[in-house]
Each structure stands twice: as C-alpha cells, then as structure tokens.
Amino acid sequence: MAETIFSKIIRGEIPSHKVYEDDHVLAFLDIGPLSRGHTLVIPKQAVKTVGELSDESAAAIGRVLPRLCRAVQKVTGCEDYNILQNNGAPAHQAVFHVHFHIIPKPNAEEGLGIVWKPGKLENGAELAREIQEALESESR
Ligand code: AMP
C-alpha cells in the first residue's frame with residue numbers, strides 16, 4: 001500500500017495532537033474537526049480498509065475505542081457522538097489508511113450530518129445466507 005500522511009504521523013515525522021498510543025494503535029485530534037473533540041483512532045498497521053486489518057490490529061482498536069469515546073465525552077461534556085469509518089474514495093475516504101472518527105454531536109448544526117435514505121429490504125433471507133456462506137468459506 002502507498003504510504004499516507006498517517007504513517008508519517010505514527011513515526012512522528014509530522015506533528016499531531018496525540019491523545020493515546022499503544023503498540024498497535026494511535027489516536028490524535030482531527031486537523032479539520034466537525035466538532036470540538038473530533039478524534040481519529042488509527043491502527044499502526046498501514047492498510048486501507050477495515051477488511052484488510054489483522055485480527056490483532058482490529059482487536060487492539062476494539063479494546064481502546066470505548067475508552068477513547070468516554071474520554072472525549074468527559075472532556076467535551078457532550079454525551080452524543082458518532083463513530084464514522086470510511087472505506088474507499090466513493091465512501092468518502094480521503095486518507096487511505098484505516099481510521100475511525102469519534103465525532104461529538106453537541107447539537108443539530110455541529111458534528112456529523114447524515115443523509116440517510118432507507119430503502120426496502122429485498123430477498124433478505126437469501127442475502128443473509130450468502131453472507132453467512134461467505135463468512136464460513138473465509139474461516140475454512
Ligand atoms: P476520511 O474522509 O475518513 O478519509 O477522513 C480523513 C480525515 O483525516 C479528515 O477528517 C481530515 O481532517 C483528517 N486529517 C488529514 N490530515 C490530517 C493531519 N495531518 N492531522 C490530523 N488529521 C488529519
């Protein structure tokens with residue numbers, strides 16, 4: 001994978017406002033926050049999408065994410081927040097190194113705005129079975 005600006009942040013070659021670091025994970029403030037406290041949580045493993053993460057990196061992020069959310073809630077005094085995670089340019093990914101956004105939602109104007117247009121679930125049983133089978137073939 002081509003190196004991104006986040007690899008340089010991990011190596012300390014460009015500055016960031018770090019809030020957390022362990023062997024597998026780094027968290028720092030987003031440079032273009034949607035609201036106060038907007039934080040990015042990234043694996044040190046340099047891959048583009050969640051599906052490419054090692055189990056170890058994924059587990060490390062999962063372990064610390066709730067703690068980071070609580071810290072952001074405490075400091076901002078904002079109870080409500082979104083976790084955003086984009087995979088691929090059409091899905092709004094701009095930096096091609098996996099990252100999770102923690103975005104406080106203090107009011108209707110600040111934080112993440114979402115346009116959500118629900119469709120109608122078609123052939124749900126068949127679709128669910130296909131996904132189950134894909135999961136089973138992966139673990140074989
Ligand atoms: P995404 O659209 O999910 O790829 O979001 C990328 C995020 O990275 C944006 O919210 C940017 O503001 C943020 N970002 C880009 N460069 C930096 C940087 N040097 N330090 C902190 N955040 C950054």
Side-chain angles (χ1 to χ4, degrees):
M1 190 189 92
E3 180 148 300
T4 72
I5 194 166
F6 288 176
S7 290
K8 293 193 171 74
I9 288 178
I10 290 167
R11 291 198 298 267
E13 291 169 9
I14 63 169
S16 70
H17 292 291
K18 180 166 73 177
V19 301
Y20 175 83
E21 183 168 19
D22 65 29
D23 288 348
H24 300 286
V25 180
L26 181 70
F28 52 96
L29 297 180
D30 194 296
I31 204 167
L34 295 186
S35 57
R36 182 170 174 269
H38 184 164
T39 298
L40 297 176
V41 186
I42 70 172
K44 290 187 175 175
Q45 185 187 10
V47 292
K48 178 180 167 189
T49 62
V50 163
E52 297 167 271
L53 280 174
S54 68
D55 285 356
E56 193 175 33
S57 291
I61 287 177
R63 226 177 353 254
V64 75
L65 194 55
R67 232 184 309 150
L68 285 163
C69 290
R70 289 193 295 272
V72 170
Q73 280 179 304
K74 186 174 178 183
V75 168
T76 59
C78 180
E79 187 181 346
D80 305 315
Y81 60 93
N82 295 94
I83 303 278
L84 176 68
Q85 203 287 310
N86 301 323
N87 297 274
H92 215 281
Q93 186 175 15
V95 178
F96 297 117
H97 179 130
V98 172
H99 51 281
F100 291 75
H101 300 254
I102 301 172
I103 311 171
K105 185 70 181 165
N107 53 54
E109 285 75 40
E110 295 173 88
L112 183 66
I114 298 178
V115 178
W116 191 281
K117 291 191 216 156
K120 188 173 180 306
L121 178 61
E122 311 273 6
N123 302 319
E126 187 186 339
L127 180 58
R129 185 170 34 75
E130 282 180 41
I131 296 171
Q132 286 168 20
E133 286 168 3
L135 278 167
E136 283 162 17
S137 69
E138 187 174 316
S139 55
R140 255 181 240 136

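In listed order, ligands and their atoms are each counted from 1. Here the structure is a predicted model, which is why all the values come from computation and not from measurement. For the numbers below, each heavy atom of this structure counts, side chains included, while hydrogens, waters and symmetry mates do not.
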query: With a cutoff of under 4.5 Å between side-chain heavy atoms, which Ile, Leu, Val, Met, Phe, Trp and Tyr residues group with Leu121?
result: none
message: Less than 6.0 angstrom separating the ring centers of His99 and His97, yes or no?
response: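 Not close enough - the centres of the two rings lie 6.0 Å or further apart.
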- request: Measure across Ala46 and Ser7 and return the closest heavy-atom pair with its distance rounded to 0.1 Å.
  value: CB-OG, 4.0 Å
Identify all N/O pairs between ligand 1 and the protein with a separation under 3.5 Å and present them as a table of atom names and distances.
| from | atom 1 | to | atom 2 | distance (Å) |
| --- | --- | --- | --- | --- |
| ligand 1 | 2 (O) | His92 | O | 2.7 |
| ligand 1 | 2 (O) | Ala94 | N | 3.4 |
| ligand 1 | 3 (O) | Asn86 | ND2 | 2.9 |
| ligand 1 | 3 (O) | His99 | NE2 | 2.7 |
| ligand 1 | 3 (O) | His101 | NE2 | 2.8 |
| ligand 1 | 4 (O) | Ala94 | N | 2.6 |
| ligand 1 | 4 (O) | Val95 | N | 3.0 |
| ligand 1 | 4 (O) | His99 | NE2 | 2.9 |
| ligand 1 | 5 (O) | His99 | NE2 | 3.2 |
| ligand 1 | 5 (O) | His101 | NE2 | 3.3 |
| ligand 1 | 10 (O) | Asp30 | OD1 | 3.2 |
| ligand 1 | 10 (O) | Asp30 | OD2 | 2.5 |
| ligand 1 | 12 (O) | Asp30 | OD1 | 2.5 |
| ligand 1 | 22 (N) | Ile31 | N | 3.1 |

- prompt: Would a hydrophobic clustering, with Ile, Leu, Val, Met, Phe, Trp and Tyr connected at side-chain separations under 4.5 Å, put Ile42 with Val19?
  reply: no
query: Shared ILVMFWY cluster between Leu84 and Phe96, side chains joined below 4.5 angstrom?
result: no
task: Taking atom CG of Asn107 as the centre, report whether more than 12 heavy atoms of other residues, nucleotides or ligands fall under 6.0 Å from it.
output: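 Correct, the count exceeds 12.
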